[in-house]
Amino acid sequence: MTLQKAAGKMEFGAGAIGLSISFEGIAHTYEADHTRTQALIDINFTAGAGEFIALLGPSGCGKSTLLLIAAGLARPSAGRVLIEGQPVTKPFTDLGFVFQDATLLEWRTALRNILIQAEARGLDRVAAEVRARELMVQTGIAGFENAFPAQLSGGMRQRVSICRALLHNPPIMLMDEPFGALDAMTREQMLLDTQRIWMEGRKTVLFVTHDIPEAVLLADKIVVLGPRPGRVLKIYEIDCARPRSINDLSRRDLVELQQEIRDVLRESGAFSRTA
Ligand code: ADP
Ligand code: MG
């Protein structure tokens with residue numbers, strides 16, 4: 001599929017096919033007030049079309065920076081990003097972004113928060129509302145269309161932000177520690193729902209986390225990043241059929257894998273620094 005075709009694919013409903021994302025020799029240094037912070041160095045990996053990739057690493061290792069670079073919102077100091085083989089040279093807008101904070105407008109209802117995406121993109125209002133309502137059903141928040149954010153739990157607010165990110169049916173989802181602020185039980189449910197939604201849509205997902213079990217549960221591949229400047233320590237492929245359950249994390253091979261990832265991070269000094 002060409003980028004033009006993908007970018008022009010704005011119809012609602014059937015899932016847009018994921019696009020591949022390649023990072024080639026990415027490095028990034030922030031310069032502010034005569035201070036240089038090297039955030040990333042020598043990042044090379046590919047997220048295949050429709051793959052779920054977890055970016056796992058300690059706080060401050062450049063995970064969020066890498067997502068901004070993937071979206072063309074930050075220019076890397078070195079290297080390039082390719083989406084379906086084409087270099088990203090300006091913001092790539094056919095994607096959905098989910099942050100740790102749901103970033104909802106408090107004066108808009110849940111439904112109207114989701115529809116912000118349609119307004120920003122000039123999408124057909126009627127079709128967008130049909131799609132928004134469908135997504136609310138799919139993500140388990142049907143019935144809360146007219147609720148205001150203040151009336152929703154943290155998990156429900158995050159579900160609204162996921163619906164907003166999915167509204168235009170983008171081929172790529174960038175998720176930056178989306179469940180980091182949620183309590184353990186809500187988070188577990190959100191992880192399973194994320195898996196189900198991904199299985200239905202097969203978008204390419206870059207999912208940032210510093211939680212090892214979360215990465216193992218969700219990902220096809222885990223890209224483990226070391227402390228700043230973030231570099232790829234290791235890439236693991238997770239060999240476990242979907243749908244995966246929380247119990248799968250207790251499988252002997254997956255327990256060993258989690259232990260190995262912990263060791264790799266520990267050896268890199270990830271646990272001995274504060275960021
Ligand atoms: P992570 O998401 O893994 O916690 P970030 O990508 O947010 O890491 O940041 C990586 C490093 O770059 C950190 O040391 C952070 O302080 C620094 N940094 C991030 N954004 C900026 C910025 N806009 N200006 C200067 N330094 C920044
Ligand atoms: Mg971050």
Side-chain angles (χ1 to χ4, degrees), residues 21-45 47 52-81 83 88 90-92 95-104 154 157-158 161-162 164-165 172-182 187 190-191 194 204-219 221-236 258 261-262 264-275:
I21 311 170
S22 296
F23 298 87
E24 291 186 352
I26 295 285
H28 195 64
T29 301
Y30 286 105
E31 297 192 34
D33 301 331
H34 308 293
T35 312
R36 290 165 62 90
T37 307
Q38 187 159 29
L40 292 165
I41 190 166
D42 198 25
I43 302 292
N44 293 286
F45 69 90
F52 197 116
I53 305 294
L55 301 174
L56 175 72
S59 181
C61 78
K63 303 182 296 297
S64 296
T65 302
L66 197 56
L67 290 194
L68 293 177
I69 290 172
L73 294 170
R75 252 181 107 89
S77 312
R80 59 183 192 162
V81 175
I83 295 184
V88 174
K90 57 181 197 298
F92 183 82
L95 48 77
F97 223 129
V98 181
F99 303 95
Q100 183 167 335
D101 186 279
T103 60
L104 304 180
R157 292 167 66 95
Q158 199 55 300
S161 94
I162 290 171
R164 185 182 55 198
I172 295 173
M173 285 287 278
L174 304 179
M175 306 181 81
D176 196 351
E177 305 199 37
F179 311 134
L182 302 178
R187 182 162 158 178
M190 295 294 281
L191 293 175
T194 300
T204 306
V205 180
L206 298 181
F207 183 97
V208 164
T209 180
H210 51 239
D211 187 85
I212 298 172
E214 189 169 290
V216 171
L217 182 75
L218 288 175
K221 273 187 214 156
I222 302 179
V223 177
V224 183
L225 299 165
R228 195 180 68 230
R231 69 187 78 219
V232 178
L233 297 175
K234 215 150 179 182
I235 298 178
Y236 293 94
Q258 292 172 71
I261 294 173
R262 206 163 276 122
V264 165
L265 282 167
R266 184 177 297 110
E267 278 159 26
S268 76
F271 295 131
S272 56
R273 294 194 195 179
T274 50

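These numbers were taken from a predicted model, which means no experiment stands behind them. Atoms within a ligand are numbered from 1 in the order they appear, just like the ligands themselves. Just so you know, these numbers use all the heavy atoms, side chains as well, and skip hydrogens, waters and symmetry mates. When a residue number appears, it is its place in the shown sequence, counting from 1.
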- Identify the closest protein heavy atom to atom 14 (O) of ligand 1: which residue and atom is it, and at what distance?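 Looking at atom 14 (O) of ligand 1, the protein heavy atom closest to it is R228 NH1, 2.8 Å.
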
Handout entry: atom 24 (N) of ligand 1 - nearest protein heavy atom and its distance
Key =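 Checked against all protein heavy atoms, atom 24 (N) of ligand 1 sits closest to Y30 CD2, 3.5 Å.
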
Determine, using heavy atoms of S59 and all atoms of ligand 1, whether some pair is separated by less than 4.0 Å.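 Under 4.0 Å: yes for S59.
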
Check whether [X] reaches the backbone of [Y] with its side chain - one donor and one acceptor, N or O, closer than 3.5 Å.
X: K63; Y: G57; answer: yes
X: E214; Y: L191; answer: no
X: D176; Y: F99; answer: no
X: S77; Y: T29; answer: yes
X: E177; Y: D101; answer: no

Worksheet entry | Element-labelled atoms of ligand 1 that are located less than 4.0 Å from some non-hydrogen atom of T65 |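 Counting from 1, the qualifying ligand atoms are 5 (P), 6 (O), 9 (O).
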
Do any N/O atoms on [X] end up under 3.5 angstrom from N/O atoms on ligand 1?
X: C61; answer: yes
X: T37; answer: no
X: G62; answer: yes

Which residue from P229, G60, A74 reaches closest to atom 10 (C) of ligand 1 through any of its heavy atoms?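 It is G60 that holds the nearest heavy atom.
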
For this session: Specify whether the nearest protein heavy atom to atom 7 (O) of ligand 1 is under 4.0 angstrom away.
Result: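 Under 4.0 Å from atom 7 (O) of ligand 1, at least one protein heavy atom found.
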
**Prompt:** Is atom 22 (C) of ligand 1 close to the protein, meaning a heavy atom under 4.0 Å from it?
**Reply:**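 Flag for atom 22 (C) of ligand 1 set to true, protein heavy atom closer than 4.0 Å.
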
| said: Using the rule side chain to side chain contact (heavy atoms under 4.5 Å, CB included), only one of L40, L66, V223 pairs with F23; which is it? | reply: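 Only match with F23 under side chain to side chain contact (heavy atoms under 4.5 Å, CB included): L66.
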
**Prompt:** Should N44 and V232 be marked as a side-chain contact (heavy atoms from CB on, under 4.5 Å) after you check the CA-CA gap, both sets of side-chain angles, and the distance that decides it?
**Reply:** CA-CA 7 Å; N44 293 286; V232 178; over 6 Å; no

Checklist entry - Looking at the Mg ion (ligand 2), is one of the N, O or S atoms of S64 less than 2.8 Å from it? => result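 Yes, within the cut-off.
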
Next item on the list: Please indicate whether R262 has more than 12 foreign heavy atoms, meaning atoms of other residues, nucleotides or ligands, lying under 6.0 Å from its CZ.
Entry: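 For R262, atom CZ is crowded (more than 12 foreign heavy atoms under 6.0 Å).
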
